[in-house]
Enquirer: 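Let me begin by handing over the structure; questions about it come next.
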Amino acid sequence: MKPYEPHVIEEKWQTVWERNKTFKVDEAGAKKKYYLLEMFPYPSGKIHMGHVRNYSIGDVIARYKRMRGYNVLHPMGWDAFGMPAENAAIERNVHPATWTYENIAYMRTQLKRLGFSYDWDREIATCDVDYYRWEQWMFLKMFERGLVYRKNSPVNYCTKCRTVLANEQVEGGACWRCGEEVVQKELTQWFFAITKYADELYEYCDKLPGWPEKVLHMQKNWIGKSHGVEVDFRLEDGTDMTIFTTRPDTLYGVTFMVLAPEHPLSFKLAQGTSQEKEVSSFIEKVKAQDRSFRGEISTEKEGVFTGRYAVNPLNGAKIPVYIGNFVLMEYGTGAIMAVPAHDQRDFEFAKEYDLPVIVTISPEGRTLDPREMTEAYVDDGVMVNSEHFNGRNNREAIPVIIDYLEEKGFGRRMVNYRLKDWGISRQRYWGAPIPVVYCDRCGVVPVPYEDLPVRLPLDLGVTVIGRSPLAEYPEFYRTTCPSCKGDARRETDTMDTFVESSWYFLKYACADYKEGPLDRQRVDYWMPVDQYIGGVEHAVLHLLYSRFFNRVLNGLGLVEVKEPFENLLTQGMVIKDGAKMSKSKGNVVDPDYLIEKYGADTARLFCLFASPPEKDLDWSDQGVEGSARFLQRVWRLVAEHVEKLSNVEPVYEPQGNDGDLRELTHRIHKTIKKVTDDVERFHLNTAIASIMELVNAIYRYIEKERQDREARELLRGAIETALVLLFPFVPHISSELQEMIGSGSDAVSNWPVYNELYVQEDRVTIAVQINGKLRDTCSVERDLEEASLKETVFSLEKVKKHIEGREIRKTIVVPNKLVNIVCS
RNA sequence: GCCGGAGUGGUGGAACUGGCAGACGCGCCGGACUCAAAAUCCGGUGGUGCUUGGCACUGUGCGGGUUCAAGCCCCGCCUCCGGCACCA
């Protein structure tokens, strides 16, 4: 028997695919398109098991869809800008570009060794000037449309990475990349106006049925849409103080107002009152506090009276105005109405400063006494102390009250979002330069389109820590103003690398296009991405940014679709010894080692078989052994019986009534159906399990040592079926064995079809229950009519024994499945 | 605190729409082959009890409920994971 040598056959088939350009696609032809995309990797040096898993899942789907006759776009590229390149430069004195391209070269060979079916002709690296030049073009277009702007504001800053982070890139007060605590810094930065799309991004969550609920929830949560009303409270001097509330049903319970310390009115109000000094020192104190400290829910509520009063527009009540540390300037109007009876924060503040509590919502069946309340009553109830709204259910009253406010001109409906604009400036070198020039005379001047690209200079040594190296490099920043031709300075910050990943999926559609940012025709042919696969960690990062960016590009007429990703699969992490694989935990399994020891097919098979894609995968060395053993078993199945198979044609639907043949035939068709259904819904682990069952059945069949031609023909049919079904999972061994028995494998359009006639078994096993308890089973012919079935069941010895002397109340029959006898 | 998701053998995980719980794999036990071992092949494997080639009871985080029938549906909890969190 020819031995199974994974490395030999894997290299062989990879060469065949490469030479034949098997996976190259174009936009011609009548086949239906299918765009399958996996999140592209950062070229960190080597791929890790998470990549192997992600790309193995994707490759199964890509190969499967190809076999089903689709024109499949399955591209790969590199998210190539980013900080590790700079760190490597500083640590090892290699240029970020050198480091990056060397990593790409190595990782490309790794991916090729795993046999993934990419169209390598469409490979892109985002650090190529031919890529980022168009990103700069898009930036300028956005600038023209007011979708990118510059402002001075407190921003998140990671002291370890020495750069700014967007809100989405801060996780629990720490940097998403390095885990260092994030501090606040006042800086002038460029922002993308993602909030202009907040509503669309929120509402379209409901139009993405192909996304996991979890991710949609996270996005909605992040955008944080809340419906409410802006109400104008008038100050004594006649100026309006506008607040936002979602609870206008509690307006009659307002007993004080609170401004954020940063609110423009805060200091102004106190000016000239006896409170002036106290107010200014309070504001100074809060400003000095760390923002993350202020954001702590446990931080005690503190405030100070401004000495001024406002008037409740509904009932004319005179209400003191405070400044408080718990009010955020960034949300709503930076001012709130406080209803201590029905809001816990307001309640705590009122207790601290001895402010009155007025109940306006009464729970069913009891009366609230403000003097005895120990916490706010935040649930629903009946309105009281609310003039003509009394007696109404508070929830139902909300729209009525809002109508009333609008009618009287006291306020207006308003929707508020938690989402903030996306800060994209990074004080780093290895990124796409922001195409802007600062001129003392003309101010901020965008680089003219004809001057693009603004090239990232590659001839400087990256050694500087703390500032962007570009800011230390006059050859880059010294320039002339495009407008007045005088001396000017370039922007030295680069763009957040999440900008590159926000449109790379569009570039794949027309990777070789040079005349403009995107070839609309080809982009519209391929978009949207039919299936996107990646880690859930990007639920509110990359996936939200990409939805936003795609919308911007849609607005610029570069792409037809509004949503880039039709279906999303978020695969779980690879876990070992109860923790995510990481260098610091020392529990990393190196894909190179795995391929070396077992081959690519085993590595792929284990990743796919050990758990369903969405779940975390628990690493198990023994599990890997098991996968290798199965492939050996498949190999032997064919290699040991080559002679027996080579001189017969495969048969899938044998004639006649031979029991052995009928059983195997049933198995073949059942397996095709099961694997097809399972792959369609990404149950790849159970798809593999059922192929294993087929292989086991073939072994049992072989043991019968049938030598007749019919039996051999069916054996060949069964083996070919198993091999073809295995192809998307383990393509190398499948191709080799198919070739060995002389059946052609073109990797395209040859997914097997099943015949429903053979999917059903001739005889079925009926579960026999008495009062719901399983007492016996019996085998009957399929679709046996109910009367005969009952007759058979009641004649069973065990049934007779159990029902003896008991009264039969009814008998439930589920055809081909079960009979349940209900008796006393 | 709010919003999601998940709890099944020794273990990774199956069970599509309420219909034989534990497919498939790993591990373990027994057997075959072998001088022996490895590899391979075959058989067994949720728990408890018994009059032990069989039979009974029990069993999907806990407590109730609906149903002829519940891992799956409903109500009330517990635990773990994830997201948001002074967002008005």
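To find a chain, count down the sequence lines: A is the first, B the second, and so on, and within it residues start at 1.
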Enquirer: What distance, rounded to whole Å, do you find between the two P atoms, one in B:rC77 and one in B:rG4?
Expert: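 After rounding to an integer number of Å, I get 15 Å for this pair.
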Enquirer: What's the verdict on ring pair (Phe, Tyr, Trp, His ring centres under 6.0 Å) for A:Trp176 and A:Phe498, showing C-alpha distance, side-chain angles and the deciding distance?
Expert: CA-CA 13 Å; A:Trp176 74 289; A:Phe498 277 101; 5.3 Å; yes
Enquirer: What one-letter contact string describes nucleotides 24-33 of chain B from 5' to 3', where B marks a base within less than 4.0 Å of any protein heavy atom, S marks contact via sugar-phosphate atoms alone, and - marks no contact?
Expert: BSSS------
Enquirer: Under a 3.5 Å cutoff on both atom distances, Watson-Crick or G-U, what's the dot-bracket for RNA chain B ([ ] crossing, | other strand)?
Expert: (((((((..(((......[....)))((((((.......))))))(((((...)))))..(((((..]....))))))))))))....
Enquirer: When you compare B:rA14 with B:rG22, how far apart are their P atoms, in angstrom units rounded to a whole number?
Expert: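 The same atom, P, in both gives a distance of 15 Å.
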Enquirer: Would you say the side-chain atoms of A:Thr333 pair up with the backbone N or O of A:Thr242, donor to acceptor, closer than 3.5 Å?
Expert: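 Yes, the answer is positive, given that a donor and an acceptor are paired below the 3.5 Å cut-off.
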Enquirer: Hey, does the side-chain of A:Lys301 have a donor or acceptor N/O within less than 3.5 Å of a partner on the base of B:rC86?
Expert: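 Side chain to base: pair found, below 3.5 Å.
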Enquirer: Determine the interatomic distance between C1' on B:rA37 and the same-named atom on B:rC57; round to the nearest Å.
Expert: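 Straight-line distance between the two C1' atoms is 45 Å.
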Enquirer: Report yes or no: is the cationic atom of A:Arg633 (NZ for Lys, CZ for Arg) under 6.0 Å from the centre of the six-membered ring of A:Tyr699, at an angle within 45° of the ring normal?
Expert: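 Verdict for A:Tyr699: a cation-pi partner in A:Arg633.
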Enquirer: Please state whether the phosphate of B:rA15, meaning OP1 or OP2, lies under 4.0 angstrom from any side-chain nitrogen or oxygen of A:His683.
Expert: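 Yes, A:His683 has a side-chain N/O under 4.0 Å of OP1/OP2 on B:rA15.
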Enquirer: Using the C1' atom as the point on both nucleotides, what is the distance between B:rG59 and B:rG71, in whole Å?
Expert: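 Pairwise C1' distance, B:rG71 against B:rG59, rounds to 11 Å.
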Enquirer: Does the ring center of A:Phe256 lie less than 6.0 Å from the ring center of A:Phe349?
Expert: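 Centroid distance A:Phe256-A:Phe349: below 6.0 Å, so yes.
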Enquirer: Using the P atom in both, what is the distance from B:rG18 to B:rC72, to the nearest Å?
Expert: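 These two P atoms come out 11 Å apart once rounded.
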Enquirer: Sticking with atom C1', work out how far B:rC41 lies from B:rC33, rounded to a whole angstrom.
Expert: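 B:rC41 and B:rC33 have their C1' atoms separated by 8 Å.
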Enquirer: Is any side-chain N or O of A:Lys810 closer than 4.0 Å to OP1 or OP2 of B:rC68?
Expert: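 So the side-chain polar atoms of A:Lys810 do come within 4.0 Å of the phosphate oxygens OP1 or OP2 of B:rC68, strictly under.
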Enquirer: If we take the C1' atom in both B:rA56 and B:rC3, what is their distance in whole Å?
Expert: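 Nearest-Å result for B:rA56 against B:rC3 at atom C1': 47 Å.
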Enquirer: Using 4.0 Å as the upper bound for N to carboxylate O, is an ion pair formed by A:Glu797 and A:Lys800?
Expert: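 Yes, charged N to carboxylate O under 4.0 Å.
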Enquirer: Quantified in whole Å, what is the C1' atom distance between nucleotide B:rG10 and nucleotide B:rC62?
Expert: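 The answer is 23 Å between these two C1' atoms.
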